[in-house]
Trainee: 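Following this message is one structure expressed as structure tokens.
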Amino acid sequence: MTHFRSLWTLPLVLFSWTALADIDPAKLPPAAESFDFTHDVQPLLESKCVECHREGKHKGQFRIDTREQMMKGGEDSIAVVEGKSVESPLIHYVARLVEDMNMPPKSEQALTPKEIGVLRAWIDHGAPWPKDVVLAPSRANDAKMTAALASLPPAATRQVDFVKDIQPIFQNACYECHGPRKQEAEFRLDHKPTVMKGGELGPAIVPGKSADSLLVQFVGGLREEGVMPKKGPRLTAEQIGLLRAWIDQGADFPDAASVVIKDNRDHWAFKPPVKAPLPTVKNKAWVRNDIDRFVLARLEREGLPPSPEASKETLLRRLALDLTGLPPTTEELAAFLHDDSPDAYQKQVERLLASPHYGERWGRHWLDVARYADSDGYEKDKPRWIWFYRDWVINAFNHDMPYDEFVLEQIAGDQLPHPTQDQIVATGFLRNSLLNEEGGVDPEQFRMEEMFDRLDTLGKAVLGLGVNCCQCHNHKYDPFSQEEYYRLFAFLNNDNEGARTVYTTEQWKKIGALQGKIHDDEMGLQQAHPDWRERMNAWEDALKAETQPEWKVVEIANAGDNSQRYTELKDKSLLAQGYAPTKLDAIFKCTMPTAGVTAFRLELLNDTNLPANGPGRSFKGTCALTEFQVETAPKDGKKSFLKIASATADFGDAPNSPVESNFEDKSGKTRVTGPIDYAIDGKEETAWGMDAGPGRRNVPHEAVFVMENPIADAGTELTIHLKQMHGGWNSDDLMTNNLGRFRISVCTAAAPKADAVPKRVRQLLDIPRAQRTEAQTAEIFSYWRRTVPEWKEADAQIAALWKEHPEGKTTLVLNARTQLRETHLLKRGDWLKPGKPVRPGVLSVLNPLPADAPPTRLSLAHWLVDRRAPTTARVMVNRIWQSYFGIGIVATPEDFGTQGEAPSHPELLDYLACEFMDHGWSIKYLQRLIVNSATYRQNSKVTPELYQRDQYNRLLARGPRFRVDGEIVRDIQLSVSGLLNPEMGGMPTMPPAPLFLFQPPASYAPFPWVEAVGPERYRRAVYTWRRRSTPYPMLQTFDAPDGNTVCARRSRSNTPLQALTTLNETVAIEAARAFARHVLEEGGKSDAERIDYAYRRALSREPNAAEREEILSLLTKQQQRIAEGWIDPWELATGQRERPAVPAGTTPAQLAAYTVVSRVLLNLDEAITKE
Amino acid sequence: MTKLEHFLREYQQQITRRWFFKQCGVGLGSIALGSLLQQELAPAAHAAAAPSGPMAPKAPPLPARAKRVIYLFQAGAPSHLDLFDYKPQLEKFNGTLPPADLLKGYRAAFINPNSTLLAPKYKFAKYGQSGAELSEILPHLSKVVDDITIVKSMQTDAFNHAPAQIFMNTGSTQFGRPSMGAWTTYGLGSESQDLPGYVVFSTGTKGTSGGAANWGSGFLPTAFQGVPFRGQGDPVLYLSNPGGDRRPGAARFARFHSATETRCISPTWAIRRFTHALIPSSSRTGCNRARRS
């Protein structure tokens, strides 16, 4: 890690890593007037510092026994800044101003202010040091020690045996802190080399000299550091005597009694994968590709034969379910069965890989690790819009985006040069963290929680390592330190977290066309009026000649008790965060900075923490101000408000604009927004609105409120009310309409007005004319032309075009901050206990970070997908393997560390990882490799013997056979029944679900689950709305993850609830009914034909004779029961007592009987199993 | 056969309890009973097929005295300061501002600098031999106070509802950990192989903050997650047959399954075998190698 010291020197200056910022120089004792090194400084250092910071004992990698060493500094930083004691960390430490870095550590040894003054004077004078002087621990200490040694219990006189006499003492008294689990002071007593070498304090044992041995001094209570053992009873005199005798007799420690420590940095997964030579196998005929060599070599070693290839029917079904998550249609099945060409199978592989459903199936795998969900989580669990990210993932798989790019864009797509919308959308990956906005949260606390979640996700999803363990402490088993964790953390800690307005491709096309038209219209104006430039310049000059009122920003402090939180930003504006009430009277205290204040200005500002950049908190980044009031000291015990004479604003909604449906408050009142007057009309139903429509709404605004009477005195304390009553009824939904970021200023000019010129235009006008680009001039023109009275008609035409602008949606993204946050190590992972500051860095056991890498997410992303990254490729190929074979080559896909499972086929894993990287990180390449292998194509039959031998099929002597994932259970039902709506992407859907689940008391907050009707009801399960606190029950029952945390491996349970779900759940029943209809319509004329057809549709095979017979008899029996009146055929077949048309030539009784048959087939184990 | 004859025959069949439990299961309760009865009637056979799988009963590390755990999580209940946890000092400082050094460095959103301390709202007295202090609003509990344990040694710094509730139920304020019930069933299994070992009821006016994660299985297998029960309608989701059929064609379905005996053995199958008995016979899916009698 040492190379970081030089690496970060530059950023140190650029990004002001100011540990100094926290130090108040006023707290330092003053420097002494004079000093003498030999008389003052040397004894001080020798008695207080050198003991621990010298050759052989450099605590904190710091030595102070020579000047050279002292100037080098320690592991964290330099210690002494020549000539500047105020900036020298050493002084901060001895002055005990840095928590956790008090020096000397023991408070009774603390330096006196006078002593600190001496050190300061010495440093201020350049820390002079006589040549060749090497400091040594003070002899005074030695003398004390000699006296104390006499008090040690005497050594035992008999011959001691290490194993019998000594090891039990260590075991009872020492191992807890100096043993296998903990090595305090880097010392352990169960390991011979460490015992002999010693820990942080140097050698513990001097063989033959027990009194000189630290070990004895510690247990004898002679050390200043304290007595050992720290916990539990002290050693008895007899035990100390035995220890002494053992040491005096030569400290014999038999090798056999020592533990053997494996260097955990040596672990296989921390070394980059290398292709091993292909193994030779006997049964060469079986091998289809290199995968098979590795698998077969192992099988041959175990003496197991591979299984024969599965039947064509089974293979196609397996392949279709694996690659697209949908079973083959009867036509696809027939085509494959009739295709006798040698590459028939490969053709199917290519067809399925090219299907858009491939992305839906494999995208879902990534969404598991991305902990994707459509709600915020925690108590409110509000709806969340981030499905653009979900669609990005699906598209990336469909286009076979190379995995390195795929990761890169998700971590830092926004930091690529000229990022596209897609690349920015991709950063939603990290934003999938849960967000707590319940009343009373501290937004910073839950931002930190999100950070922990992101580190966890990065660790398990990309690195395959449990880095999250280091939130609170060094990893117990893997060589990752807590500090390294926070160094990774520091890469991610520099973002604002808002949402960005995004558009679909179709919408972008429309926007392009619109902008073209607007541009044409404006060019037309320019051509028709060749003097436009002169006129515009004249306007500009006149504008600049106008004197603007001088506004003075006032500090405002929240004085309300509503639970919205406000963060004060550098420009004194407030950013509203946390809980967002939908109706509130926000009140703020302020003091008039000057006499004669005539008016208040309210600025609404953009912020990348807000939806669509704000300036409001609504789902569109808008807001509404119901009333602006200024309260003064109460009169006669009553609230007293100052009268506002008039108000102006740069923009306002058209009068009487009805509020959006999202802001419906169930009050029954007509609530409207409109011009700024609405904010001073005293009416709760009216508000100033500033929604300029799609494409133009998310800009800053300002309003000016002129007081009837100036406020006479400076220092007057006032309370500003920003009443915001135009949100909806449910604060647990997207119904807030609050101000997002705002600022108040005052002025003393007479009757000032709001600046009608937009802030953006003002900024452009500030650029000298000659330096403006054409685009900038055009932007100014776009504003100016609106102010030209005779161009009204053209303006109306353009305004009409803007009205056609598509309404985008927002999606959560990362917005990199220009000012980096300072990241601290958090003690015990507690965000309220920051420790020392850390700089961005990576896990030292993995590939190094380039020396010139800037401290950005992009650097981190490049590091993750480096060709030398030991785990990145392995982790991805392992997860892909896992989804085919049910279990990965490494069974713990989230943990490749020393506690993870060893790979079943290590060479195969590395082969796949290298192939993957060598072929451009192409996932489809990897898929082809796997599905074309003989290993994959084996049948899944298993004998009891083989089952006994290899229950989990780790040796791969047979094909995979598993119940499919929950989403595919649903997709099979939809597909077989013909209900499936194959439309891709877009807003998540709400298929039927028990509505009570989304209402209290099942849910904390009411959630607007509106059951979809029509085709939307039958979209693939990947599009089902994922609410974190109320997982969709059908998917939850089949083990779909809840999206709360990264899921690298789904468990596959088998519970009765699953049977109940496939039998009785609404969509399952609707699927059985629709399936029956298709069987009757398309299945042929006879029952036998229809049963065969139903089998092909549901199970991709023909029934055998016994099965056909059984189903026939079921049909007969059902028809009989219908005839006898046990079954209401209409109700069974339609769910209602309605009587829609039955398929031509069939009867309601047949439809009902086939519904029963369909339900049976869809409930067969085989229907939801990949065979 | 007329409808009446048919009905009578079926009615007679119901006379045998065993038939009823075995064949007419519509709810998990009756199924469980059916299975328990089987165990009761054929103890030898039962012993031979000791359950395996995630819910197999496991011996506790210490002899167990408790037979079952009923855990009431009463979010939104009155404060412990008004029920079990008498704070005389708070009484003393009622209405005053908290000492500055108490709040130094304390960062919590609701703390208004002008908030004063509030004394317990009710009178406390000592009860029982243990002398436990309870407030006057627990008059009945005070009579049995020697039979209960009050744990006062727990503390939290989880300030907000959702993290606090997740903490209470899973031991961590971060999501992703197994809930107490999930750990319990993981560690002890379940006496009944036919019923969920861990069920959850949610009552009151609002649900738990954080929802399903409060009874989730976290990083344990999903089989251990709590099964929510409802107070009305079907106790468990999707128990009821769809409309139109007045009696499930149970026997037929079971026979069909034995006819389609398949050749599969897989880890899932191995588990499925033992969950099989849980499923109402009308709803069995999967390959049924060894037909149960």
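These values consider heavy atoms only, across backbone and side chains, with no hydrogens, waters or symmetry-generated copies. Convention: sequence-line order gives letters A, B, ...; per-chain numbering from 1.
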Trainee: Where do N160(B) and G439(A) come nearest, in terms of heavy atoms and distance?
Mentor: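 Result for this residue pair: ND2-O, 3.7 Å.
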
Trainee: Evaluate the side-chain proximity of S209(B) to Y378(A): yes if any heavy-atom separation is below 4.5 Å, no if none is.
Mentor: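 Contact flag for Y378(A)/S209(B) side chains = no.
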
Trainee: With a 4.5 angstrom heavy-atom cut-off, could you sort out which part of L434(A) is near chain B: side chain, backbone, both or neither?
Mentor: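 Side chain only.
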
Trainee: Do you know which of T1037(A), T1066(A), D1039(A) has the most heavy-atom pairs with chain B at a distance under 4.5 angstrom?
Mentor: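 The residue among T1037(A), T1066(A), D1039(A) with the greatest pair count is D1039(A).
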
Trainee: What are the two closest non-hydrogen atoms of A162(B) and E379(A), and how far apart are they?
Mentor: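 It is CB-N, 3.4 Å.
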
Trainee: CD of E449(A) to CZ of F175(B): how many Å apart, nearest 0.5 Å?
Mentor: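 These two atoms lie 9.5 Å from each other.
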
Trainee: Hey, what do you get for CZ (F452(A)) to OG1 (T173(B)), rounding to the nearest 0.5 Å?
Mentor: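 Output value for this atom pair is 9.0 Å.
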
Trainee: What distance do Y238(B) atom OH and Q1058(A) atom CD have between them, rounded to the nearest 0.5 Å?
Mentor: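 If we round to the nearest 0.5 Å, Y238(B):OH and Q1058(A):CD are 13.0 Å apart.
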
Trainee: Report which part of V200(B) has an atom under 4.5 Å of a heavy atom belonging to chain A: side chain, backbone, both, or neither.
Mentor: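 For V200(B), neither part sits under 4.5 Å from chain A.
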
Trainee: Between L237(B) and E1065(A), is the side-chain contact (heavy atoms from CB on, under 4.5 Å) condition met? List the steps.
Mentor: CA-CA 8 Å; L237(B) 286 181; E1065(A) 189 262 349; over 6 Å; no

Trainee: How about N1044(A) and R177(B): does a side-chain donor come under 3.5 Å of a side-chain acceptor?
Mentor: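 Absent: no donor and acceptor within the cut-off.
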
Trainee: Give the member of D456(A), N436(A), D381(A), T1061(A) that has the highest number of heavy-atom pairs under 4.5 Å with chain B.
Mentor: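 Option with the top pair count is T1061(A).
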
Trainee: Can you find a heavy atom in the side chain of R230(B) that is under 4.5 Å from one in the side chain of F996(A)?
Mentor: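 A side-chain contact under 4.5 Å exists here.
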
Trainee: Does anything in residues 216-225 of chain B get under 4.5 Å of chain A by heavy atoms, and if so which residues?
Mentor: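 Within residues 216-225 of chain B, the residues that come under 4.5 Å of chain A (heavy atoms only) are P221(B), T222(B), A223(B), Q225(B).
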
Trainee: Are any of the side-chain heavy atoms of I1069(A) and P242(B) separated by less than 4.5 Å?
Mentor: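 Yes, at least one pair of side-chain atoms sits under 4.5 Å.
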
Trainee: How far apart are the closest heavy atoms of L239(B) and N1064(A), and which atoms are they?
Mentor: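 It is O-ND2, 3.4 Å.
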
Trainee: Examine whether an atom of L946(A) lies under 4.5 Å from a heavy atom of chain B, and if so say whether it belongs to the side chain, the backbone or both; otherwise answer neither.
Mentor: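 When you check distances to chain B, no heavy atom of L946(A) falls under 4.5 Å.
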
Trainee: Check whether Q999(A) gets within reach of chain B through its side chain, its backbone, both or neither, counting any heavy atom under 4.5 Å.
Mentor: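 When you check distances to chain B, no heavy atom of Q999(A) falls under 4.5 Å.
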
Trainee: Using 0.5 Å steps for rounding, measure from the CG atom of N241(B) to the CG atom of L1063(A).
Mentor: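 So the gap between those two atoms works out to 7.5 Å.
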
Trainee: Output the option from P960(A), S1003(A), S1051(A) having the highest count of non-hydrogen pairs under 4.5 Å with chain B.
Mentor: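 It is S1051(A).
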
Trainee: Is there a donor-acceptor pair under 3.5 Å between the side chain of S1029(A) and the backbone N or O of G210(B)?
Mentor: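 Not at all, since once roles are kept as given, no pair shorter than 3.5 Å links the two residues.
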
Trainee: Which bit of Q471(A) comes within less than 4.5 Å of chain B, counting heavy atoms only: side chain, backbone, both or neither?
Mentor: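 Contact with chain B: side chain only.
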
